[in-house]
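Following: one structure in structure tokens, then a few remarks.
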Amino acid sequence: MTTPALTRLDLVADVDAWRAVGFSIGGDELVVGTTTIRFVAGEREGIVGWDLDGDPVEPRDLGTDVHSNGAREIDHVVLMTPDIDATTDNLAQQGFELR
């Protein structure tokens with residue numbers, strides 16, 4: 001079984017704050033490793049969407065993947081849920097290894 005790869009995160013956040021900590025942002029997105037982070041509008045800050053791909057992906061060059069803070073990949077993403085059982089069942093069905 002192939003573990004899904006995180007290929008996109010949609011994030012409601014202050015773009016200038018991300019720039020201030022050393023991320024190079026082009027337009028409304030940046031690339032970290034194989035993941036595109038898109039800054040989107042919303043009422044509450046945080047992750048509001050994502051794409052997963054079960055196939056291996058290669059790092060993409062959008063001209064914005066050189067970060068002065070040295071970020072090269074995403075190590076982990078934290079999810080909060082009101083129903084841990086339903087969430088972990090859903091993630092397991094998508095091929096995630098639960099630890």
Side-chain angles (χ1 to χ4, degrees):
M1 178 187 315
T2 301
T3 301
L6 178 65
T7 56
R8 192 194 86 239
L9 281 175
D10 291 339
L11 183 63
V12 177
D14 180 356
V15 177
D16 291 331
W18 281 65
R19 283 190 181 105
V21 296
F23 286 99
S24 300
I25 301 169
D28 63 351
E29 63 185 34
L30 67 104
V31 175
V32 179
T34 58
T35 305
T36 299
I37 300 173
R38 292 190 319 185
F39 293 91
V40 298
E43 293 181 22
R44 253 190 315 176
E45 286 196 347
I47 298 168
V48 296
W50 58 84
D51 274 340
L52 302 173
D53 183 345
D55 298 323
V57 292
E58 296 296 321
R60 289 159 294 171
D61 181 7
L62 298 180
T64 60
D65 60 351
V66 178
H67 307 289
S68 63
N69 61 15
R72 295 181 22 211
E73 63 183 85
I74 295 175
D75 179 67
H76 66 278
V77 175
V78 176
L79 297 175
M80 294 187 297
T81 177
D83 187 339
I84 189 68
D85 292 328
T87 300
T88 54
D89 288 347
N90 183 281
L91 291 171
Q93 289 172 7
Q94 294 181 59
F96 284 93
E97 175 189 345
L98 303 178
R99 297 183 239 169

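Residue numbers count from 1 along this sequence. This one's a predicted model, so the numbers in the text were calculated from it and none came from an experiment.
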Interatomic distance, CG@Leu11 vs CD@Glu29, rounded to 0.5 Å, equals 12.5 Å

Nearest heavy-atom contact between Leu52 and Pro4 is CB-CB, 4.2 Å

Open item on the list: When you compare the side chain of Leu91 with that of Leu79, does any pair of heavy atoms fall below 4.5 Å?
Closed with: yes

Determine whether a donor-acceptor pair (N or O, by modelled atom type, separation under 3.5 Å) exists between the side chain of Thr7 and the backbone of Asp51. yes

Subject >> In one Ile/Leu/Val/Met/Phe/Trp/Tyr side-chain cluster, 4.5 Å: Val21, Ile25 >> reply: yes

Side chain to side chain, Asp10 and Ile47, heavy atoms closer than 4.5 Å:
no

Item to complete: Identify whether Val40 and Trp18 are in the same connected component of the hydrophobic contact network (ILVMFWY, side-chain heavy atoms under 4.5 Å).
Response: no

ask   = Run the side chain to side chain contact (heavy atoms under 4.5 Å, CB included) check on Leu30 and Phe39 step by step: do they pass?
value = CA-CA 9 Å; Leu30 67 104; Phe39 293 91; 3.5 Å; yes

>> With heavy-atom distances below 4.5 Å as the criterion, would you say the side chains of Phe23 and Val32 are in contact?
In response: yes

Taken in chain and number order and not counting sequence neighbours, the residues that satisfy salt bridge (Lys or Arg N to Asp or Glu O under 4.0 Å) with Asp28 are none

- prompt: Stepwise, does the side chain to side chain contact (heavy atoms under 4.5 Å, CB included) test hold for Thr34 with Leu6?
  reply: CA-CA 8 Å; Thr34 58; Leu6 178 65; over 6 Å; no

Between Val77 and Leu9 the two heavy atoms that sit nearest each other are CG2-CD1, 4.4 Å

When every non-hydrogen atom of His67 is compared with those of Val31, the smallest separation belongs to NE2-O, 2.7 Å

Open item on the list: Any donor-acceptor pair under 3.5 Å linking the side-chain atoms of Gln94 with those of Asn90?
Closed with: yes

Sorted by chain and number, sequence neighbours left out, salt bridge (Lys or Arg N to Asp or Glu O under 4.0 Å) with Arg19 holds for Asp16

